[in-house]
Amino acid sequence: MVPDAAADIEVCADLGFKTIEVSMKLKAPTDRKSPKARVNWLLKMLKKDDPRLIIEAHWPGRKPPTQKEVDALREDSSAIEDGSSETSPHSLEVKLVEHLGMKRFAGRRTFIEDLERIVPEFYDLVGQYVKPWQAPPPKPRKRAPSEDQLQSEEETILEDEDQRFGA
C-alpha cells in the first residue's frame with residue numbers, strides 16, 4: 001500500500017512462467033462510454049513507455065479480461081476490444097511483467113534483488129502518474145426566466161433608455 005496512491009500495488013510471482021508481475025487496478029471512468037475512450041483516459045496518464053507495460057481490461061459479466069501492450073494501444077486504443085463493442089470495461093489494470101530466467105527466478109538472493117528493483121520501477125513508470133477516476137461535478141440546469149424576472153429586465157431596459165434620451 002502506498003499512501004494516497006490511486007490503488008494498491010499488487011505483486012505476483014508466477015512460478016510456471018518465471019515472471020514477476022506488478023500491477024494497479026483502477027475503476028474505469030463511467031462518463032466515457034466506449035472502450036477506446038476508457039483506455040485513452042488511462043493512456044494519457046502514463047508519461048513513460050516501456051515494452052513490459054500491459055493494460056488489461058476487465059469486462060462485466062463472465063466475459064474474460066483482454067490485454068494488450070501499451071505500445072500497441074498507443075497506436076490503436078481500440079485493440080483492447082475483443083470484437084464485441086456492446087459493453088465497456090468496468091476496470092483497467094496496468095501491469096509491468098518482468099520475465100526472469102530460470103537461474104534468476106530460482107535463486108533466493110537474485111529473486112529478492114529483482115523484486116526490490118521491479119516494484120520501484122513500476123512506481124516510477126505508472127504509480128506516481130495514475131489517478132483514480134472521479135465523476136465530474138454536475139452542471140447547473142438552465143431555468144426558464146420567470147415572469148417577475150422578465151418584467152424586471154424590461155423595466156431596467158426602459159429606465160436605461162429614459163436616462164440616455166433624457167426623459
*Check the pair Glu98 / Asp114 against side-chain contact (heavy atoms from CB on, under 4.5 Å), numbers first and verdict last.*
CA-CA 9 Å; Glu98 178 81 22; Asp114 287 340; 6.0 Å; no
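- Counting Ile, Leu, Val, Met, Phe, Trp and Tyr side chains that sit under 4.5 Å apart, directly or through other members, Val97 shares a hydrophobic cluster with Ile54.
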*Report the C-alpha distance between Lys36 and Asn40 in whole Å, list the side-chain angles of each, state the deciding distance to 0.1 Å, and finish with yes or no for side-chain contact (heavy atoms from CB on, under 4.5 Å).*
CA-CA 6 Å; Lys36 182 178 180 176; Asn40 281 333; 3.9 Å; yes
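- The distance from the CG atom of Leu73 to the CG atom of Leu46 is 10.0 Å, given to the nearest 0.5 Å.
- A 4.5 Å side-chain heavy-atom check between Tyr123 and Val22 finds every atom pair outside the cut-off.
- With rounding to the nearest 0.5 angstrom, the CD1 atom of Ile80 is 12.0 Å from the OG atom of Ser88.
- Heavy atoms only, all atoms of each residue included: Pro60 and His90 are closest at N-CD2, 3.5 Å.
- From Gln128, atom CD reaches atom CZ of Phe122 across 11.0 Å, with rounding to the nearest 0.5 Å.
- Under the 4.5 Å side-chain heavy-atom criterion for Ile, Leu, Val, Met, Phe, Trp and Tyr, Ile118 and Phe17 are members of distinct hydrophobic clusters.
- Taking both residues in full, the closest heavy atoms of Lys47 and Lys44 are given as NZ-O, 3.7 Å, listed atom of the first, atom of the second, then distance.
- Judged by distance alone, with hydrogens and angles left aside, the side-chain atoms of Thr66 form no donor-acceptor pair with the main-chain N or O of Glu81 at under 3.5 Å.
- Ion pair Lys68/Asp76 not flagged as a salt bridge, since none of the NZ, NE, NH1 or NH2 atoms sits closer than 4.0 Å to an Asp/Glu carboxylate oxygen.
- The structure places NZ of Lys95 at 11.5 Å from CD1 of Ile55, a figure rounded to the nearest 0.5 Å.
- Side-chain contact between Val94 and Leu125 is absent, with no heavy-atom pair separated by less than 4.5 Å.
- Residues Leu43 and Tyr129 are members of separate hydrophobic clusters, defined by side-chain heavy-atom contacts under 4.5 angstrom among Ile, Leu, Val, Met, Phe, Trp and Tyr.
- Atoms CZ and OG, on Arg38 and Ser77 in that order, are 13.5 Å from each other to the nearest 0.5 Å.
- Ion pairing between a basic and an acidic side chain is recognised when a charged N comes within 4.0 Å of a carboxylate O; Arg74 and Asp71 show no such pairing.
- Arg109 and Glu113 are joined by a salt bridge, as a carboxylate oxygen and a charged side-chain nitrogen come within less than 4.0 angstrom of each other.
- A distance of 8.5 Å separates CG of Leu92 from CE of Met45, quoted to the nearest 0.5 Å.
- The closest side-chain heavy-atom distance from His58 to Pro89 is not below 4.5 Å.
- For Ser34, the side-chain hydrogen bond (donor to acceptor under 3.5 Å, both in side chains) criterion is met by no residue, not counting sequence neighbours.
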*Kindly determine whether His99 and Lys18 satisfy side-chain contact (heavy atoms from CB on, under 4.5 Å), including the steps that lead there.*
CA-CA 6 Å; His99 296 278; Lys18 311 288 187 273; over 6 Å; no
_Would Val126 and Asp50 count as a side-chain contact (heavy atoms from CB on, under 4.5 Å) here? Give the steps._
CA-CA 10 Å; Val126 176; Asp50 189 298; over 6 Å; no
Can I get a per-line list of side-chain donor-acceptor pairs under 3.5 Å for residues 23-32, giving both atom names and the distance, sequence neighbours left out?
residue	atom	partner	partner atom	Å
Ser23	OG	Glu93	OE2	3.0
Asp31	OD1	Trp133	NE1	3.2

